[in-house]
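These notes are about the structure you will find just below.
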Amino acid sequence: MPGRRLAWLDLPRLPAERHAGERDLGPRVPLVLWEEAGSTRRVASVSIAASALGVEVGSTLAAARARVPDLRDAEMDPAADAAALAAVAEALLAFTPSLAVRPPSGIVLEIGRCARLFGGEEALVGAALDATRRLGFTALAGVADGELGARVLARSLGRPRPRTGDPAPPSLPLRLTVAPPRAIAAAAADLPVGALPLPAALLEALEHLGLDTVGAFAALPGDAVGTRFGPEAAACWRAVNGREVPGPLPVFRPPPHLLEAAELEEASSGEGVLFRIRALLERLEERLRGRGEGASSLTIWLSLDDGDRARLPVTLSRPMRQAASLLRVVRERLHAFTVDAPITGVAVEVTAVAPLRGAQAGLFVSAAEQVSLLEAVARLEGAFGPGAVFAAVPRDRHRPEAAWGAEPFSPPPEGHLAAPGRRIPAGGKAADPLLPPPRRPLTLLQVPEEVEWVEGASPAPGAAAIVRDRRLAVASVRGPERLRGEWWTASPYDRAYHEVGFAGGARAWMYHDGATGRYMIHGWFD
């Protein structure tokens, strides 16, 4: 496909960095992962700290330990490495919808159609590399017209140049190479031949023939390359000569299970646990951003020193993915949660997701204020339980205690604010300003309280009433408002409501029950 641009991200230290992240090992801890090779254990992945001390991939584990006495080691886990690579690809969906995983450590992204949205190819791939770093992995990238050409450019970074003899810098300071369109040959000419993704024996044979640069390899006759060195070498020759024809990328499907776990170096029960949870939430934030989703509910798993596991569910009122906001909600839940043994490991599982593409600020409520409101609701529900925060929604009933209902709280949708402080229901219309609504107290008593009048009086200025064993003098009376209905039910009502002001400032919403003849206080005005 002419003009197609691809980026290859290579994660050269993925197994070691994955293991270090799961075990909370710092960047200064020398670590290697090994695999069985017959009766010998050989190093398959090296951390930056171990590489700086001279440990190389392919050496025996015994030789590596002899060089670095305090070396940490573990066996390779291909399944865990594959899951980590898929998680990185999941996060990179935020930059392009078309990408593919290339085990054991590669991800290829199609960027030609979306680079302009990020300010160009270098800006897009740089942002993708930053996202990969936030997930805890070192990545190198190359951009070219084809997948294999981009892979050659990425693999060349951090490798020694021909005939210099200098070791590869352990920190890998260079991380991105971009070949201009249809210029892969010039960009790759001076690269070491070891950047070609060919078997080690074939690379050694090329170097033995004096072909120590990609340019020297590219200068060979194309027909002779395929005949003498095989189809893999022929494919590389076409790529570095700008003749690669990339095929379509397979559809990448994000992992269905969103789970991040980590062990603790030392058993803990305080801030150390929250620190690890924060790191896991930051990883989940990157993955959820790539999916365009937010978490609706989480489960925190705590591995205990006695071998047991504790489960802490966290339900959110609205989808969220910001790690800082989620951490504040989790902190509220953890403060009220107790375990019987020290904690040796934590895991955060996203048990429900919902689309979360971002919020557009309204005229009266900014997006930041809405996020703060959602976070406050989530923290209240975390402290007091699901359903503790609700919205009082009007019902089409005249009986006061049935004129509203509780529904899950959510911010008002855009377009439902006619003016600050004046709310219009969806599909409804504003009330007639010439007919002010009747006054109502902010809250009603769940059980109305009976009023006893002194000397048989009734609500009128100068009368006295006994309320909660206190004698109160009536200062003002407003009303009555007659409410009567539901005669067709088993509990009809017939009430005359008054707003009664007592000496001292208290104001009660009181009604006379036509069925019983009693006076009842139904609520208090603030």
Side-chain angles (χ1 to χ4, degrees), residues 8 10-13 15 32-46 50-64 66-67 76 102-106 140-142 144-170 172 174 177 179 183-244:
W8 179 284
D10 192 60
L11 286 68
R13 304 183 189 274
V32 299
L33 268 64
W34 49 265
E35 57 188 0
E36 299 282 357
S39 60
T40 305
R41 292 179 175 179
R42 292 198 175 273
V43 174
S45 182
V46 184
S51 179
L53 295 174
V55 180
E56 297 179 351
V57 173
S59 63
T60 65
L61 181 59
R67 178 178 287 274
M76 289 280 287
R102 299 293 192 236
S105 61
L140 308 172
D145 296 330
E147 178 177 334
L148 191 52
R151 183 181 181 184
V152 169
L153 295 177
R155 283 169 53 90
S156 70
L157 296 172
R159 292 176 175 269
R161 294 299 179 180
R163 294 182 293 273
T164 63
D166 296 331
L172 299 175
L174 300 176
T177 298
I184 180 65
D190 294 333
L191 298 180
V193 73
L196 298 175
L198 296 174
L202 181 53
L203 291 174
E204 184 177 352
L206 292 174
E207 292 178 349
H208 183 72
L209 293 173
L211 304 172
D212 54 359
T213 66
V214 172
F217 171 77
L220 295 174
D223 295 339
V225 170
T227 302
R228 182 168 182 179
F229 301 112
E232 288 182 283
C236 286
W237 185 90
R238 288 192 297 272
V240 297
N241 280 284
R243 301 182 185 181
E244 181 180 3

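Start at 1 with the first residue, then count along the sequence. Both backbone and side-chain heavy atoms feed into the values below; hydrogens, waters and symmetry mates do not.
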Does a side-chain heavy-atom distance below 4.5 Å link [X] with [Y]?
X	Y	value
Ile184	Leu153	yes
Arg155	Arg151	yes
Thr213	Asp190	no
Val152	Leu191	yes
Met76	Trp34	no
Phe229	Cys236	no
Ser45	Val32	no
Pro12	Leu140	yes

Is there a donor-acceptor pair under 3.5 Å between the side chain of [X] and the backbone N or O of [Y]?
X	Y	answer
Glu35	Arg42	no
Arg67	Val55	no
Glu147	Trp8	no
Glu244	Gly149	yes

Practice problem: Could you pull out all residues at least two apart from Arg41 that satisfy salt bridge (Lys or Arg N to Asp or Glu O under 4.0 Å)? | Solution: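 By the salt bridge (Lys or Arg N to Asp or Glu O under 4.0 Å) rule, Arg41 matches Glu36.
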
Quiz item: Roughly how far, to the nearest 0.5 Å, is the CG atom of Asp10 from the OG atom of Ser105?
Solution: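 Between Ser105 OG and Asp10 CG, I get 4.0 Å after rounding to 0.5 Å.
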
Practice problem: Would you sort out whether Val43 and Thr60 count as a side chain to side chain contact (heavy atoms under 4.5 Å, CB included), showing the intermediate values? | Solution: CA-CA 6 Å; Val43 174; Thr60 65; over 6 Å; no

Quiz prompt | Worked check of side chain to side chain contact (heavy atoms under 4.5 Å, CB included) between Val46 and Glu56 | solution = CA-CA 7 Å; Val46 184; Glu56 297 179 351; over 6 Å; no

Quiz prompt | Evaluation steps, side chain to side chain contact (heavy atoms under 4.5 Å, CB included), between Leu148 and Val240 | solution = CA-CA 8 Å; Leu148 191 52; Val240 297; over 6 Å; no

